[in-house]
4 protein chains.
Amino acid sequence: MDFNDKKSIFLQIADFFYEKILVKTMKDNDRVASVREMAVALEVNPNTVMRTYQYLQEQQIIYNKRGIGYFIAEQAYDKALAIKKEEFINHDLPEFFKTIDLLNINIEDIKKYKHENK
Amino acid sequence: MDFNDKKSIFLQIADFFYEKILVKTMKDNDRVASVREMAVALEVNPNTVMRTYQYLQEQQIIYNKRGIGYFIAEQAYDKALAIKKEEFINHDLPEFFKTIDLLNINIEDIKKYKHENK
Amino acid sequence: MDFNDKKSIFLQIADFFYEKILVKTMKDNDRVASVREMAVALEVNPNTVMRTYQYLQEQQIIYNKRGIGYFIAEQAYDKALAIKKEEFINHDLPEFFKTIDLLNINIEDIKKYKHENK
Amino acid sequence: MDFNDKKSIFLQIADFFYEKILVKTMKDNDRVASVREMAVALEVNPNTVMRTYQYLQEQQIIYNKRGIGYFIAEQAYDKALAIKKEEFINHDLPEFFKTIDLLNINIEDIKKYKHENK
DNA sequence: GTGGTCTAGACCACC
DNA sequence: GTGGTCTAGACCACA
């Protein structure tokens with residue numbers, strides 16, 4: 001992870017967890033790396049990781065056991081899917097349609113890029 | 001224009017011009033509203049408009065005639081299309097594919113949303 | 001003439017006259033094109049040409065006969081040479097030396113570029 | 001720094017950094033003073049420094065670490081040299097040759113001035 | 001603490 | 001009238 005992106009670092013880290021959950025690498029009640037471990041691993045300020053964890057906790061994707069650590073919440077997969085899907089349909093997709101219209105790109109053409117990308 | 005978006009105002013104004021050019025409302029050598037006029041029209045500080053204009057000038061979408069004003073550059077359409085297409089293919093599209101994979105959405109499904117949106 | 005330069009247009013026009021005088025294309029008491037003619041020829045606002053003429057008049061490079069027009073002043077060549085030489089030695093040259101030092105370029109190397117340029 | 005020059009302040013500050021890099025006072029990955037520090041040091045508005053930093057960032061002379069600050073980019077020396085050399089050869093030098101031709105100055109004469117200057 | 005954006009208002013050179 | 005630069009000061013998100 002490089003964090004060169006315009007997106008804030010704490011959100012990029014959050015996406016990292018979303019991904020792990022959506023591909024089922026991380027499952028309900030799995031332990032999450034401690035703030036300090038994560039900060040060292042990512043070469044990032046612990047405050048930044050802390051912020052990610054609080055953000056994920058607000059979304060009920062992880063939960064905290066005081067003095068023990070953070071864990072993946074029950075039904076994290078469903079929640080993550082719902083959150084990301086909502087985001088996709090209400091934000092990404094409309095923008096996507098607007099852009100391809102403006103650029104005169106056909107949806108059919110998109111598929112080609114998909115295969116090229118692979 | 002409302003500027004409720006998270007994107008910075010000066011970039012939203014830039015996109016406003018990109019759009020005008022891509023739908024061919026503005027054509028080569030058309031005069032662009034003066035910094036002050038634009039600022040009044042958008043209810044925005046002149047400095048903000050200035051920033052947009054310098055940004056567009058760097059991208060060679062507009063050019064300046066000393067003491068007279070800004071004008072749409074030659075081949076602005078081609079340049080705008082190239083810039084936005086590059087952005088779309090190298091940034092938006094990979095992210096798009098990654099997201100739909102994660103969310104288990106098929107490209108075919110996307111088309112339905114398109115029609116619903118219309 | 002294109003006036004794309006960062007230098008102001010009226011000074012670029014002034015330089016045009018300096019050059020004519022220094023290569024002796026224009027000589028003492030030659031008539032200078034009228035403000036309007038010049039403005040049309042250069043596709044420039046008459047005010048801009050006017051400013052050039054006033055500037056050259058201040059430097060006593062041209063003089064005005066009321067109702068008749070502008071003319072090259074006596075000894076314009078000597079004056080032009082003196083002005084430009086002063087400018088060169090006190091402004092251009094020090095900057096020139098500073099730059100070649102910074103870029104680690106030897107004066108001897110400069111000669112090569114001269115020949116390449118020709 | 002005095003900023004008496006006709007050049008804009010933010011570009012003079014940029015040149016200040018170019019110089020530091022070209023004389024190797026500043027090296028790759030060195031931290032650059034924060035916008036606020038620099039503004040205080042130069043007795044200049046933070047916005048002005050900000051503008052310099054963004055200008056240098058576009059030229060890839062410095063880069064930003066989010067929330068931490070600006071740093072000298074990798075190979076900043078090479079880039080700075082290339083930029084300034086390009087400027088010198090394509091802009092300063094042709095003008096230089098034109099001027100000395102007009103003024104009937106020989107390149108050999110230039111060397112004398114160099115020694116007088118020192 | 002860091003950068004980033006924006007406003008308000010001023011001043012300047014130039015056309 | 002035009003753009004261009006700068007100041008002063010504010011507010012925000014982020015690390």
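Letters go in sequence order (proteins before strands), and every chain restarts at 1.
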Checklist entry - For dT5(E), does either OP1 or OP2 sit under 4.0 Å from a side-chain N or O belonging to Arg51(B)? => result yes

Next on the checklist: Over all strands shown, is Glu37(D) touching base, sugar-phosphate only, or nothing at heavy-atom distances under 4.0 angstrom?
Outcome noted: sugar-phosphate

Next on the checklist: Ile13(D) and side-chain contact (heavy atoms from CB on, under 4.5 Å): which single residue from Ile9(D), Asp15(D), Leu11(D) fits?
Outcome noted: Ile9(D)

Item to check | Pair Tyr63(C) + Tyr70(C): ring centers closer than 6.0 Å | outcome: no

Checklist outcome for this item: Taking pairs as Watson-Crick (N1-N3 plus N6-O4 or O6-N4) or G-U wobble (N1-O2 and O6-N3), each distance under 3.5 Å, the stems of three or more consecutive pairs with DNA chain E are E:1-14 with F:1-14

Checklist entry - Going through the checks in order, is the salt bridge (charged side-chain N to carboxylate O under 4.0 Å, His left out) test met by Lys85(D) and Asp92(D)? => result CA-CA 10 Å; Lys85(D) 211 159 194 165; Asp92(D) 298 357; over 6 Å; no

Next on the checklist: If you assign each of Leu11(C) and Val32(D) to its closest nucleotide in DNA chain E, which residue comes earlier from the 5' end?
Outcome noted: Val32(D)

Item to check | Thr48(D) side chain vs Phe10(D) backbone, donor-acceptor pair below 3.5 Å | outcome: no

Checklist outcome for this item: Contacts of Lys7(C) and Thr48(B) projected onto DNA chain E by closest heavy atom; the upstream (5') one is Thr48(B)

Item to check | dA15(F) OP1/OP2 closer than 4.0 Å to side-chain N/O of Arg66(D) | outcome: yes

Checklist entry - Any side-chain N or O of Gln54(B) under 4.0 Å from OP1/OP2 of dT5(F)? => result yes

Item to check | Aromatic Tyr77(B) / basic Lys27(B) pairing, under 6.0 angstrom, 45° off normal | outcome: no

Item to check | Evaluation steps, side chain to side chain contact (heavy atoms under 4.5 Å, CB included), between Leu56(D) and Phe17(D) | outcome: CA-CA 9 Å; Leu56(D) 291 172; Phe17(D) 281 105; 3.8 Å; yes

Checklist entry - With nearest nucleotides of DNA chain F determined for Phe10(D) and Ile68(B) from heavy-atom distances, which residue corresponds to the more 5′ nucleotide? => result Ile68(B)

Checklist outcome for this item: Picking from dG4(F), dC14(F), dC6(F), the nucleotide nearest the side-chain atoms of Ser8(D) would be dC6(F)

Checklist entry - Between atom CD in Glu43(B) and atom C1' in dC6(E), what is the gap in whole Å? => result 15 Å

List every contact pair, protein side and nucleotides 9-12 of chain E side both N or O, where the distance is under 3.5 Å.
from, atom 1, to, atom 2, distance (Å)
dG9(E), O6, Asn47(B), ND2, 2.9

Checklist entry - Is the distance from OP1 or OP2 of dG3(E) to the nearest side-chain N or O of Gln57(D) less than 4.0 Å? => result no

Next on the checklist: Measuring from the side chain of Met50(B) (C-beta onward, heavy atoms only), which nucleotide among dA15(F), dT5(F), dC6(F) has the closest atom?
Outcome noted: dT5(F)

Checklist entry - Taking NZ, NE, NH1 and NH2 as the nitrogens, is one of them in Glu19(B) or Lys84(B) under 4.0 Å from a carboxylate oxygen of the other? => result no

Next on the checklist: Tell me which one of Tyr53(D), Phe71(D), Tyr55(D) satisfies side-chain contact (heavy atoms from CB on, under 4.5 Å) with Ile62(D).
Outcome noted: Tyr53(D)

Next on the checklist: Heavy atoms only, 4.0 Å cut-off, all strands: where does Tyr70(D) land among base, sugar-phosphate and nothing?
Outcome noted: sugar-phosphate

Item to check | CZ-CG distance between Phe96(A) and Asp101(A), expressed to the nearest 0.5 angstrom | outcome: 10.0 Å

Item to check | Nucleotide dC6(F), atom P - distance to CD1 of Ile9(D) in whole Å | outcome: 5 Å

Item to check | Residue closer to the 5' end of DNA chain F, Ser34(B) versus Val44(A) (nearest nucleotide) | outcome: Ser34(B)

